Participant: 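My questions all concern the structure below.
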Amino acid sequence: MKNKNVYWYEKSYRRNLVDMHIEEWDDRFLSQLDSATYVRMLKIAKVKSAMVYANSHVGYCYWPTKTGHMHKGLNGRDFLGEVINLCHREGIDVIIYYSLIFNNWAYEQNPEWRAVDIYGKASREIPIRTIVSGRYGVCCPNSPGYRRFVLDQIEELCQNYDFEGIFFDMTFWPRVCYCSNCKGRYKEEAGEELPTIINWDDPSWIKFQKRREEWLAEFAAMVTSSVKKYKPEVTVEHQSATVPHTWVIGVSSLLFNAECCDFVGGDFYGGALEQSFICKLYYNLTPKMPFEFMTSICYPGLQEHTTTKSKELIENRAFMTIANGGAFQVIDAIDPVGTLEERRYKLIGEVFNEVSKYEKYLGGELCQDVAIYFSFDSKINFAENGKRATPEVLVQFAQNLPHVNAALGAAEALRTNHIPFGVITKKNLKDLSRHQIIIFPNVLRLSDEEVSAIRDYVVNGGSVYASKFTLRSKLSEMLGITSIEETPEKFTYIAPTLEGKMLLPEVTKECPLSISDSQIKADLSSREGVMATITLPYTNPDDVTKFASIHSDPPGIPTNYPAIILKNIGKGKILWSSASIETYATQSLKHRSIFANIIKTLARKPFSFEANAPGCVEIIQFNKPDEKRYLINIINFQSEIGAPNIPINDILLKVRVKGKTLRVIALPDETPIPFNQDGETVRINVPTLQTFHMLALDYK
């Protein structure tokens with residue numbers, strides 16, 4: 001709630017969620033649940049804001065509901081109300097958790113509310129345990145009955161309880177739904193039957209996908225407006241962990257405007273790269289700061305129940321989050337009988353105690369000289385074309401998303417080479433000029449609006465890197481390309497021209513850069529700006545009857561097709577690569593360094609900072625112009641499984657400052673740090689880095 005012009009979330013960086021997806025077929029379930037003990041654990045953990053279950057995926061409610069079914073293990077006790085009152089007494093904010101779309105009770109009680117696949121099967125009719133089947137009852141957001149049920153439950157919660165925010169989980173399409181409600185609505189709105197064949201070159205299929213995205217955003221906006229009608233001061237958040245997931249999810253930029261949410265947040269269980277990428281994407285996507293990054297205290301994720309992450313791993317997660325300006329939320333899971341493990345909350349408390357020391361210094365504008373463009377429209381795979389939208393096909397391609405993989409690869413190259421970067425979306429088209437360089441990593445679909453914004457950006461002095469299928473758009477006209485086709489070979493090479501040697505150090509025509517994928521063969525109106533060409537293997541790798549080397553596919557056929565084109569356009573320049581070099585930055589140090597070198601070549605001026613630190617160290621810098629201060633966060637994230645970090649010694653950091661540097665201090669103790677300034681370059685030596693340092697550079 002608002003207090004002295006400050007909302008709860010603006011000063012809340014230590015958050016907690018206790019998962020309570022508990023059935024009721026055993027009388028022991030929730031029999032030991034005690035609200036006072038629950039809140040005592042939050043106090044031990046030094047939690048500032050608690051997300052508390054109103055219901056769960058199982059669908060049972062934790063308050064005495066008149067519209068749904070209350071969990072019988074509570075014996076009529078208002079657990080939600082008790083926890084809210086106790087939290088408020090302790091000065092802890094309460095955010096209500098509500099599960100949308102995933103609701104087993106609603107699913108079982110009302111078969112007409114169920115989402116069904118192309119075969120007419122509902123989620124619990126499929127005996128496979130996945131996030132969209134088996135244990136999970138999925139309701140269709142287009143079902144009028146389900147919509148009314150959700151609105152009635154929201155009214156009940158808002159009319160009876162005082163809380164600061166509400167989090168709606170699972171706001172996405174877990175499947176392509178072919179229920180009677182979706183069929184009828186599409187027929188009425190589009191005048192067509194629901195298409196069943198995936199084809200990203202077919203306007204009818206694309207129209208259907210756009211309608212699915214619009215339906216989901218409309219559903220989210222309906223839910224949000226219902227909350228705001230009763231409690232305009234309460235914040236609303238929808239699950240945003242779905243942002244990088246397949247098109248099936250139906251999550252688009254429409255879901256992240258002020259009509260749907262106040263800020264974005266979601267739960268993730270990957271490594272340092274995933275967290276770094278998501279934090280920077282959230283920073284530029286969220287309507288309000290801070291965004292929220294959640295992860296489990298269990299290792300590696302929610303499926304585990306008794307394996308606790310090490311303190312070192314939780315510290316890495318927490319400091320990586322605040323280093324990017326976000327709020328950190330730890331997810332625990334209650335035991336079915338209703339108990340929590342105190343040891344875990346003591347561990348969280350130790351980490352949050354350290355986090356709390358830095359909170360007052362947070363804020364500012366992220367220094368992002370380079371931006372990775374993330375396209376919601378490109379979370380697809382052209383290999384899906386012509387296939388029926390069956391569950392088997394959707395699962396097959398869910399993890400094989402060329403654009404997403406390329407975007408992550410670009411992020412890995414930038415962060416490990418200490419190039420200041422952010423992740424932007426279509427939402428940020430009007431602000432492209434704040435970046436020196438924009439990366440379009442294998443963007444499979446670009447609208448005319450996006451291409452127009454790119455053209456204006458380049459003409460006015462910006463630099464662009466674009467790869468592979470990004471050329472399918474009108475971007476090809478800017479490069480003078482008349483036609484394109486994809487190589488049938490799925491293993492190819494890039495060989496530099498004489499002009500392109502600076503872009504591809506240590507790569508030669510005799511030993512070209514390998515690409516474990518096809519490339520785009522483009523015909524040019526002019527050979528000007530060709531920095532590299534495509535080399536093919538002696539034979540097509542798919543031909544098992546004819547080969548040059550039995551284990552590999554060595555380069556053997558040089559071509560004149562451009563592999564890299566660099567052109568000056570207006571005051572800026574654009575570089576296109578026929579292969580998505582950046583994709584391989586997660587697997588190959590060579591590809592990583594080459595991609596970083598290409599990006600550095602495109603820079604017009606020195607970056608905001610540079611450093612000699614190893615790749616496990618990430619540096620994130622914020623500018624606080626009102627305070628005339630740079631905030632420099634340095635995070636050492638070495639182990640994905642939580643082994644203690646090996647200290648890094650003697651990191652040399654170079655920060656660009658326009659003006660005189662007054663002092664550099666280590667926070668939170670505000671200990672002076674030696675520095676020297678030569679023109680706009682301030683050199684700072686960090687003697688030892690264990691896990692996290694926050695430095696402040698004050699200037700005038």
Side-chain angles (χ1 to χ4, degrees), residues 16-42 50-84 86 96-111 113-114 122-139 146 149-150 153 156-157 167 169-170 174 267 269 296-308 330-345:
N16 168 263
L17 166 64
V18 178
D19 265 0
M20 292 177 60
H21 302 287
I22 307 299
E23 260 287 4
E24 63 174 16
W25 50 264
D26 190 316
D27 289 342
R28 291 172 297 175
F29 292 168
L30 298 188
S31 61
Q32 298 180 45
L33 182 63
D34 178 70
S35 54
T37 302
Y38 184 104
V39 176
R40 182 173 68 84
M41 295 299 174
L42 299 179
M51 193 177 286
V52 183
Y53 270 45
N55 74 342
S56 73
H57 296 343
V58 183
Y60 303 147
C61 299
Y62 295 110
W63 84 94
T65 176
K66 296 178 181 178
T67 56
H69 174 82
M70 186 179 185
H71 197 294
K72 73 176 186 179
L74 296 176
N75 294 314
R77 209 160 39 89
D78 186 359
F79 172 76
L80 177 63
E82 292 171 5
V83 171
I84 289 174
L86 288 171
I96 284 181
Y97 171 102
Y98 188 90
S99 178
L100 286 176
I101 298 177
F102 282 45
N103 189 311
N104 288 7
W105 180 81
Y107 170 100
E108 297 293 348
Q109 295 295 313
N110 304 275
W113 295 0
R114 297 174 184 175
S123 57
R124 301 202 81 190
E125 296 176 300
I126 303 170
I128 303 171
R129 184 185 174 186
T130 70
I131 195 66
V132 296
S133 61
R135 294 184 175 185
Y136 304 92
V138 177
C139 298
Y146 179 66
F149 167 73
V150 168
Q153 292 235 296
E156 226 184 304
L157 289 167
F167 173 81
D169 200 3
M170 316 310 273
D267 53 321
Y269 309 95
S296 63
I297 195 169
C298 296
Y299 182 84
L302 297 176
Q303 291 79 13
E304 288 289 337
H305 190 73
T306 60
T307 306
T308 304
V330 182
I331 305 173
D332 190 20
I334 207 157
D335 191 82
V337 299
T339 57
L340 297 168
E341 187 180 4
E342 185 169 332
R343 179 177 63 91
R344 288 184 171 181
Y345 290 82

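Remember, predicted model here, so these are calculated numbers, not experimental data.
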Participant: Apply the test side chain to side chain contact (heavy atoms under 4.5 Å, CB included) to residues Leu80 and Leu157: give CA-CA distance (whole Å), side-chain angles for both, the deciding distance (0.1 Å), then the verdict.
Facilitator: CA-CA 10 Å; Leu80 177 63; Leu157 289 167; 3.7 Å; yes

Participant: Please give me the minimum heavy-atom distance between Lys66 and Glu156, naming the atom from each residue.
Facilitator: N-OE2, 2.8 Å

Participant: Determine, stepwise, if the pair Arg344 / Cys298 fulfils side chain to side chain contact (heavy atoms under 4.5 Å, CB included).
Facilitator: CA-CA 10 Å; Arg344 288 184 171 181; Cys298 296; 3.6 Å; yes

Participant: Does a side-chain heavy-atom distance below 4.5 Å link Glu108 with Arg124?
Facilitator: yes

Participant: If every non-hydrogen atom of Ala333 is compared with every non-hydrogen atom of Val18, which pair is closest and at what distance?
Facilitator: C-CG1, 4.5 Å

Participant: Do Tyr53 and Ser99 come within less than 4.5 Å of each other through their side chains, counting heavy atoms only?
Facilitator: no

Participant: Do Val52 and Ile84 have side-chain heavy atoms sitting under 4.5 Å apart?
Facilitator: no

Participant: Charged N to carboxylate O under 4.0 angstrom, Arg77 versus Glu82?
Facilitator: yes

Participant: Counting N and O atoms only, with roles assigned by atom type, does the side chain of His69 sit under 3.5 Å from a partner on the main chain of Cys61, one being a donor and the other an acceptor?
Facilitator: no

Participant: Can you find a heavy atom in the side chain of Thr37 that is under 4.5 Å from one in the side chain of Leu340?
Facilitator: no

Participant: Can you name the nearest heavy-atom pair linking Leu42 to Ala50, along with the distance?
Facilitator: CD1-CB, 3.6 Å

Participant: Tell me the closest heavy-atom pair linking Tyr107 and Arg114, and the distance in Å.
Facilitator: O-NE, 2.9 Å

Participant: Check whether any side-chain heavy atom of Val83 lies under 4.5 Å from a side-chain heavy atom of Tyr62, and answer yes or no.
Facilitator: no

Participant: From Tyr60 OH over to Thr65 OG1, what is the distance, rounded to the nearest 0.5 angstrom?
Facilitator: 14.0 Å

Participant: Could you report the tightest heavy-atom contact between Ser123 and Val138, atom names first, then the distance?
Facilitator: OG-N, 3.1 Å

Participant: Let me confirm one number: the CZ-CD1 distance from Arg28 to Ile22, rounded to the nearest 0.5 Å.
Facilitator: 12.5 Å

Participant: Are Tyr299 and Thr308 side-chain neighbours, meaning at least one heavy-atom pair lies under 4.5 Å?
Facilitator: no

Participant: Let me see the working for Met20 and Leu33 under side chain to side chain contact (heavy atoms under 4.5 Å, CB included), right down to the final yes or no.
Facilitator: CA-CA 11 Å; Met20 292 177 60; Leu33 182 63; 3.8 Å; yes

Participant: Rounded to the nearest 0.5 Å, what's the gap from OH on Tyr269 to CD on Glu304? Could you check?
Facilitator: 13.0 Å

Participant: Has the side chain of Glu24 got a donor or acceptor atom that lies under 3.5 Å from a matching backbone atom of Lys72?
Facilitator: yes

Participant: How long is the straight-line distance from CD of Gln32 back to OG1 of Thr339, given to the nearest 0.5 Å?
Facilitator: 6.0 Å

Participant: Just by modelled atom types, is the His21 backbone N or O under 3.5 Å from a matching donor or acceptor in the His57 side chain?
Facilitator: no

Participant: Could you give the distance from CG (Asp19) to OG (Ser296), rounded to the nearest 0.5 Å?
Facilitator: 9.0 Å

Participant: Less than 4.5 Å apart, side chain to side chain, heavy atoms only: is that true for Asp267 and Leu302?
Facilitator: yes

Participant: Hey, is the main chain of Gly59 close enough, under 3.5 Å, to the side chain of Asn104 for a donor-acceptor pair?
Facilitator: no

Participant: Between Phe149 and Tyr146, how do the two ring planes meet: parallel, tilted or perpendicular, split at 30° and 60°?
Facilitator: tilted

Participant: Which heavy-atom pair separates His305 from Asp335 by the least distance, and what is that distance?
Facilitator: NE2-OD1, 3.6 Å

Participant: At what distance, to the nearest 0.5 angstrom, does CD1 of Ile297 lie from OH of Tyr345?
Facilitator: 7.0 Å

Participant: Side chains of Gln153 and Trp63, heavy atoms from C-beta outward: is any pair under 4.5 Å?
Facilitator: yes

Participant: Could you please spell out the steps behind the side chain to side chain contact (heavy atoms under 4.5 Å, CB included) verdict for Asp169 and Phe102?
Facilitator: CA-CA 8 Å; Asp169 200 3; Phe102 282 45; over 6 Å; no

Participant: Anything under 30° is parallel, anything over 60° is perpendicular, the rest tilted; go ahead and classify Tyr38 against Phe79.
Facilitator: perpendicular

